[in-house]
Amino acid sequence: MMPLAYKLRPSTFDDIIGQDHLVGPKGVIRKMLNTNKLCSMILYGPAGCGKTSIAEIIVKSFPLNSYSFNASTDSKAKLKEIADGAKYYESSICIIDEIHRMKKDIQDFLLPYVESGTLTIIGLTTENPYRSINPAIRSRCHIYRMNEISKEDVKTLLVKTIEKENLKKLSDDILEYISVASSSEIRTALNMLEVVEMLDEDELNLENAQKLIGKKAFQIDEKGEYYYDCASAMIKSIRGSDPDAALHYMARLLETEDLEFITRRLICSAYEDVGLGNPNIGPRTIAACDAALRLGLPEARIPLGYIVVDLATSPKSNSTYLGIDKAIADLENMTSMSIPPHILNKELKSGKYEYKYPHDYKNGYVKQQYLPDELIDKIYYEPKTTGSYERGIIDFMKKLKEEK
């Protein structure tokens, strides 16, 4: 019997959920199809967001020879076979699944075929390609980030599927449960829906659905708030220096068993909310999160509980977070800003532009311009007085100004 998730695989871009920026009426990939001009690309995003479906629709839409390659299981020999076969065609498409796992020598082998257009590749990955993929491959591909599918999108899909397939009507609490328990993965949600369909009409209630699905959904309270709301409450408790509330929300989050999500939020909080209020907290948070991921549940709760308390009881400072955002905003609002020539130090021999090496001067400091002319006297970093470390920075910077 054909699984529901397979039966309902998208066949057109209109069937794709949550990716209008790529395949909607004004989406860039749809424009490629409309102009009959396909470029090599890498699609990256979480599991179940539609990467493979988009790739398969592209292949069906272009009258080109096509191949598939899985970087985690297929060998270099298979890629050579694909490349040899592609030589007989003006251009071919190759879908490369898990492209982040492709070894460097295989990527290097692929380069000339992508460069010449013999192979147009569509790489699929759940990893950030800027960290996991060879820069030479990246530079020859357009990189598109896939959106995470929202819980609302999943719920809407479930309702449409029930109507289209003439399935049993489900109560709102069951639909809510599936859309949360599936972690917004469309395939998983459809598989869960298919399992719930096994219940008789008189058995269709939330308790039976939970037992049949075999996975506990994250029920924050009777209203069924989303786990990311709970994560937000945990971060706000940390920011507000309330370790008890932070531990409470951490305990709720652990019910999701989504350690990657939890650790990602904690690391962000360490650098955004605590920052230089406690400069050692960043490395300590990364170490605790790494320990949690290595241990897995239930032991992961121990380092996570430790670091949540550490974060919540640390002096807080968002000075560096505010500073980098101000700097980025200026880049967006201003066009050309030249680096001072003495900083580039390209005319050292003539003495025209001489960079002054601070370590050659008293206290390792010498007055000279570093910012572009357009930003002279601009202040991005404004230290706070919440922690002893930044109070020390204030004293240090004050002494430097006095020496001017």
Side-chain angles (χ1 to χ4, degrees), residues 19 21-23 28-29 32 37-59 62 64-148 185 187 258-261 263-264 267-268 271 282-283 285-287 289-296:
Q19 311 300 336
H21 65 300
L22 298 179
V23 298
V28 61
I29 295 178
M32 288 184 188
K37 185 176 181 180
L38 183 64
C39 304
S40 288
M41 68 184 75
I42 295 171
L43 304 177
Y44 78 103
C49 67
K51 298 184 293 294
T52 303
S53 295
I54 289 177
E56 291 177 350
I57 293 170
I58 291 173
V59 167
F62 277 91
L64 298 176
N65 192 44
S66 63
Y67 304 93
S68 293
F69 182 85
N70 190 308
S72 63
T73 57
D74 295 334
S75 65
K76 186 176 181 179
K78 180 174 179 178
L79 192 61
K80 286 182 177 180
E81 290 178 9
I82 291 173
D84 288 339
K87 292 176 182 177
Y88 296 99
Y89 301 91
E90 183 177 345
S91 185
S92 299
I93 302 175
C94 183
I95 298 175
I96 304 177
D97 201 8
E98 298 196 68
I99 191 171
H100 61 280
R101 296 184 182 276
M102 184 176 279
K103 295 178 181 178
K104 186 179 183 302
D105 63 319
I106 300 181
Q107 293 188 38
D108 291 342
F109 171 79
L110 190 63
L111 282 177
Y113 297 95
V114 178
E115 183 79 46
S116 65
T118 302
L119 277 177
T120 298
I121 66 170
I122 304 175
L124 311 177
T125 177
T126 56
E127 303 291 327
N128 187 333
Y130 294 100
R131 292 198 307 263
S132 58
I133 296 175
N134 188 329
I137 287 287
R138 286 203 318 263
S139 67
R140 290 161 174 81
C141 297
H142 295 274
I143 297 177
Y144 299 123
R145 182 172 183 171
M146 303 278 289
N147 293 330
E148 292 188 17
E185 291 186 17
R187 282 191 303 270
D258 190 351
L259 292 179
E260 287 194 12
F261 174 77
T263 55
R264 189 166 65 244
I267 291 171
C268 180
Y271 288 96
T285 303
I286 291 173
C289 289
D290 182 58
L293 292 170
R294 288 171 179 263
L295 287 169

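Index from 1, following the sequence. On a predicted model such as this, the values are computed, not experimentally measured, just so you know.
Residues Cys49 and Asn147 come closest through the heavy atom pair CB-O, 3.7 Å. What you find for Ile99 and Ala71 is that their closest heavy atoms are CA-CB, 4.2 Å. A pairwise comparison of heavy atoms in Ile143 and Pro129 identifies CG2-CG, 3.6 Å as the closest pair. Gly50 and Met146 make their closest contact through C-CE, 3.6 Å (heavy atoms, listed as atom of the first residue, atom of the second, distance). Pairing each heavy atom of Ser68 with each of Asp74, the nearest pair is O-OD2, 4.4 Å. The shortest non-hydrogen separation linking Glu98 to Ser72 is OE2-OG, 3.2 Å.
Note that the NE2 atom of His100 and the CG atom of Leu124 stand 11.0 Å from one another [nearest 0.5 Å]. In this structure, Ile96 CD1 and Arg101 CZ are separated by 15.0 Å, a value rounded to the nearest 0.5 Å. Here the CD1 atom belonging to Ile121 is positioned 5.0 Å from the CD1 atom belonging to Ile137, to the nearest 0.5 angstrom. Taking OG1 of Thr52 as the start and CZ of Arg187 as the end, the distance is 6.5 Å to the nearest 0.5 Å. With values rounded to the nearest 0.5 angstrom, Asp258 atom CG is found 8.5 Å from Thr263 atom OG1. A distance of 9.5 Å separates CG in Asp84 from CG in Leu79, rounded to the nearest 0.5 Å.
Lys51 places a side-chain N or O within donor-acceptor distance of the main-chain N or O of Gly45, the cut-off being under 3.5 Å. For Thr285 (side chain) and Ile267 (main-chain N/O), no donor-acceptor pair under 3.5 Å exists by modelled atom type. No side-chain donor-acceptor contact under 3.5 Å links Arg140 to the backbone of Ser40. Looking only at distances, no side-chain donor or acceptor of Asp290 sits under 3.5 Å from a matching main-chain atom of Ile286. Between the side chain of Glu148 and the main chain of Pro46, no donor-acceptor pair closer than 3.5 Å is present. For the pair Gln107 (side chain) and Asn134 (backbone), a donor-acceptor distance under 3.5 Å is present.
The closest side-chain heavy-atom distance from Ile58 to Met32 is not below 4.5 Å. The closest side-chain heavy-atom distance from Ile29 to Leu43 is below 4.5 Å. Between Phe69 and Met102, some side-chain heavy-atom pair lies under the 4.5 Å cut-off. Counting heavy atoms from C-beta outward, Leu119 and Ile82 have side chains that approach closer than 4.5 Å.
Atom NZ of Lys76 has more than 12 neighbouring heavy atoms from other residues, nucleotides or ligands inside a 6.0 Å radius. In this structure, Arg145 places its CZ atom where only 12 or fewer heavy-atom neighbours from other residues, nucleotides or ligands lie under 6.0 Å away.
Between Phe109 and Tyr113, the ring planes lie tilted relative to each other; the angle falls in the 30° to 60° range.
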> After noting the C-alpha distance and the side-chain angles of Leu64 and Thr120, does the key distance pass the side chain to side chain contact (heavy atoms under 4.5 Å, CB included) rule?
Replying inline: CA-CA 10 Å; Leu64 298 176; Thr120 298; 5.5 Å; no
